[in-house]
Structure formats: C-alpha cells, structure tokens
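Report on the structure given below.
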Amino acid sequence: MKVFICFPPLNCEKGFPTLGQNRQFQYFKEPTYIYPVVPALAASLLKKNGYSVKWIDCIAENISYDQFLEMIKEEKPDIIAMETKTPVIKQEWKIINDLKRISQGKWKLITVFFGDHVTALPEESFENCDVDFILTGGDYDFLLLNLCEVIKNKRPFSELEAGIFFREDNAIKNTGKFKLDHDLNSLPFIDRDLTKWWLYAYKNGNYRRTPGTYIMSGRDCWWGKCTFCSWPQLYPQFRVRKVENVLDEIEYLVNNYPIKEIMDDTGTFPCGEWLIKFCKGMISRGLNKKVNLDCNMRFGAVDYEGYKLMKKAGFRFLLFGLESANQRTLDRINKNLKVETIIESCRLARKAGLYPHITIMFGYPWESFEDAKKTLELGKWLLKKDYAYTMQATIVIPYPGTPLFEECRKKDLLYTLDWSDYDMKKPVMKLSFPPSLINKLVQEMYKVSFNPEFILRKIISIRDGADIKYFWRAFLKVLGHILDFKGA
Ligand code: SF4
C-alpha cells in the first residue's frame, strides 16, 4: 500500500506558511522551515511497518500546484494524509476536492486530515470537502498506522482506534474521544532520509549553526493551560520519552548526519529530575562537545544552577513565551507567571551563557494601547539590557478549540469567523484601539534591531564566523518580519 504524507502548495502571495509545531500560525516573507516532527514520525512508523511511504513537502521543495497534481496522477497513491491548520483549512478543502476529482474513475484514493484545527472541528471538514478520514488528537502517527492496517487488511471500522472520524452509510461517524495511551518510546527515530532532513536544515531562524534539525522529547507541554495555545487540545496530558531514548536519538543524529544544532520542539522542555539526568547524559556521552541544543522553556521553571548545567550540556537557545508585560493579561491567559519572574529568569539564563529568545504578543481584546506599549517597552528593555538575546513579536490569534476562542465567541469579541483571516496578518479579536496600530507595535518591536546599543552588544558578542552568518540571517529575518506586518 502506497501512502503519501503531503504538505501541498499553499497561497504563496501571503508568504511561506509555517505548519508543524508552529503553535501560532504565520506566513513568513523570509521562509522558515520547521521540521514537522509528528508527521515525520508518522511516515517513519509506516515505513517501519512495511508501507511504501513518500514524503512530499511542496512548500519547502517549492513544488507548484500543477506539478503536485501531476505527481499524484502519475504515482496514484492509495492514501494521502495532510496536516491542517486553521488559516489554510479552506485551501486544503479545495485541494482534497481536486485530488478526489483527478482520481475519480482512475484509482481509489483515500484522503486523511490531521492536526489542531480538525481536532477542534472535525465535522466541519466533512461538510466542506470530500475528505474520507480525520484523525483527532496529537498521536496521529499511531492513528495513521492503525487506519492503514484496518484498510489494508479490510478489517471493520470497529477496529479503528479512538479519535478517528469517517464517513459510513451517508453519515459521519467516529470512534469516540481520542486517547493518548501510546508509548512514545516505542516509536522509531525519525527516518531523516525518507523525510528529507535537508529541507529543514538551513532556513530556520532558531539555528546559529547549520545544518540543524528537530526532535521532540515530549508531547507536548507539562503546563498546557495557556488559554490561547492551540496544542493542549492535541495533547491534554503530558508524556515524555525516556532520557536514554532521547540521548540515543541525538547520538544517532550526530554520528550519521552533519548536524550541528538540534531544536527540541516539545511545547515546554521537561524539567526537574528528567532535565538533570538528560544534561548529565549529554555530558557523559560527550554529545555536548558535538552539538548545540535549543528548546522551548517556561520562565521560572529552571534556576541558575539548572541553567548552568544546561549550558554545560550544550544548550544554547531557549525560547520563552513572554506574551505580555501586564500581570492582568498573564493571569487572564492562565500563563501562571509573574512579570518579575520574566525579568529574573531571563537575566539568569543569559548570565549562565544561554541565549534567551522571547516571544511577545499584541492584540488581547482587554488590553488598552497603553498596556500593549508596556509589553513593547519591556521587550525592548530586555533586549537592550542583553537579558534577552533575540525576540519574536506576533499578533495573538484565538484558534478554534482554545479557551480563548470560546471566550471571544461567547462575548462577541471576534471580527470574523473566516478562517483564512486567522493568519496573523491582522487582529481577529475586537480591540479597544484601531487594529492597524497592532501591526505598528509589532514593527516597532522588530526595529529594536536597529538600535545602536543593541547592535553594539551583538558586535561585541561575535565569537566566530558562525556568529557573523547567524546575525546576517537574523538581520534578513527582521527585515522580513517588518514586511510580514506591513499591511493591516
Ligand atoms: S507554556 Fe503555554 S503557550 Fe507554551 S506550549 Fe505550554 S500551554 Fe502552550
């Protein structure tokens, strides 16, 4: 049985879409290619179980829509599975219908969706396109294998695992609420050649040194309660792989590929005893000398001693969600964070020699323009003080399935329910000030890169050619981001 895992071509006028682990979707003028870890695991798991699998990422491979359709017509896969996200779902409905049309009368093509949007609204896609199956929840790698086994062996749909939606007798049926009871340690390592690792090895702003790659130690975030975040609905419980299993994968990567930097894209990297054991393992295996590690972290989760150990273990870039400088907002989005902790945690991480990257968001409907400016000022201050090393500013978008979306819908705070507008090009939540000012705030934040004090600190911090290349890439990214938020 031939299974294709595809990222079809999407609207390029808006920029390059970022899917995968991008928990807040964005189109980028300057492309960033994130390794889609769970889809890549799905491909690897299927291959390990004897399926003929093809990985087609038209976005990263720059394949046009006509070329994509020609490829499908020629190769006639039995199953095409695609990841979806809210801002591109309407485009993907059309793609599913086109795929069904070109296969009609020629071969039997089964289409599958998975991802956060269809987990929140599975029925909607059945109503709007001819998709055959929807895998809900975040363990869609395991679910896709189960689905393929049932189809290949012509077994009844009663043998499908929980969380799968399908059509039967002109009705949409499902196997109940998805379960997260799969053992992550039983998964194979990602088959990097099958999933074309080189596509995701260079154009990514997180890497200082390239080629880089991605792994995930856990699914997905041990906090998992921020009301705007789209992934806790995929992974309402946190699970983590065994330390040895993750270390083995890192060792395999550095021994078999020229990988210099690895981003662990777990929503929040595991902390406590797990982190200590992991760091000690990196050091005792000598991996800290061979590769740099990047990860997502929460402010206040690690103390100074912990940061020092992480530094020694090879960690470099820690991505922190700052979200807002207003305590009222942090409480309201259930971030479980104090503003003072942001400053202190950033300072200590930097002091330990790590490179904190802060992400901030504008556009909360309850914030005044003055509140938003406070966030801008804190972000700028952290960068100028060199407590934060780099940053990313975005517009907060409430995705279906999140508590923030429900709150906005109940309180009539949404400008639109057209999912194509949920692409961060402009606010979709009603604001107390003109929406165009949001884009200006985001642009202002990026313009800190032109501040003489900031530039001087960066020049002083240059250690080698890799730093120069990194800053040049970062500079191009900043210009790209200023353009990303140009039009309101
Ligand atoms: S800390 Fe909050 S925003 Fe970050 S991954 Fe966890 S739930 Fe999502």
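Remember, it's 1-based here, ligands and their atoms both numbered in the order they're listed. What you see below is based on every heavy atom in this structure, not just the backbone, and it leaves out hydrogens, waters and symmetry mates. All of these numbers come straight from a predicted model, not from anything done at the bench.
Aromatic ring centres of Trp55 and Phe7 lie closer together than 6.0 Å.
Around atom 6 (Fe) of ligand 1, the protein atoms of type N, O or S found under 2.8 Å away are Cys221 SG, listed by chain and number.
Residues that satisfy the side chain to side chain contact (heavy atoms under 4.5 Å, CB included) test with Trp381, not counting sequence neighbours, are Ile343, Leu378, Lys385, Tyr387. Qualifying side chain to side chain contact (heavy atoms under 4.5 Å, CB included) partners for Glu305, counting only residues two or more places apart in sequence or in other chains: Asp303, Lys308. The side chain to side chain contact (heavy atoms under 4.5 Å, CB included) search around Glu344 returns Arg347, Leu348, not counting sequence neighbours.
The nearest heavy-atom contact from the protein to atom 3 (S) of ligand 1 is Phe228 CZ, 3.6 Å. When hydrogens are left out, the protein atom nearest atom 4 (Fe) of ligand 1 is Lys335 NZ, 4.0 Å; that is the closest non-hydrogen contact.
Asp331 and Gln327 share a side-chain donor-acceptor pair at under 3.5 Å. Checked by atom type, the side-chain pair Asn204/Tyr214 shows a donor-acceptor distance below 3.5 Å.
Screening Tyr422, Tyr399, Trp419 for a ring-ring contact (aromatic ring centres under 6.0 Å, His included) involving His117 leaves a single residue, Trp419.
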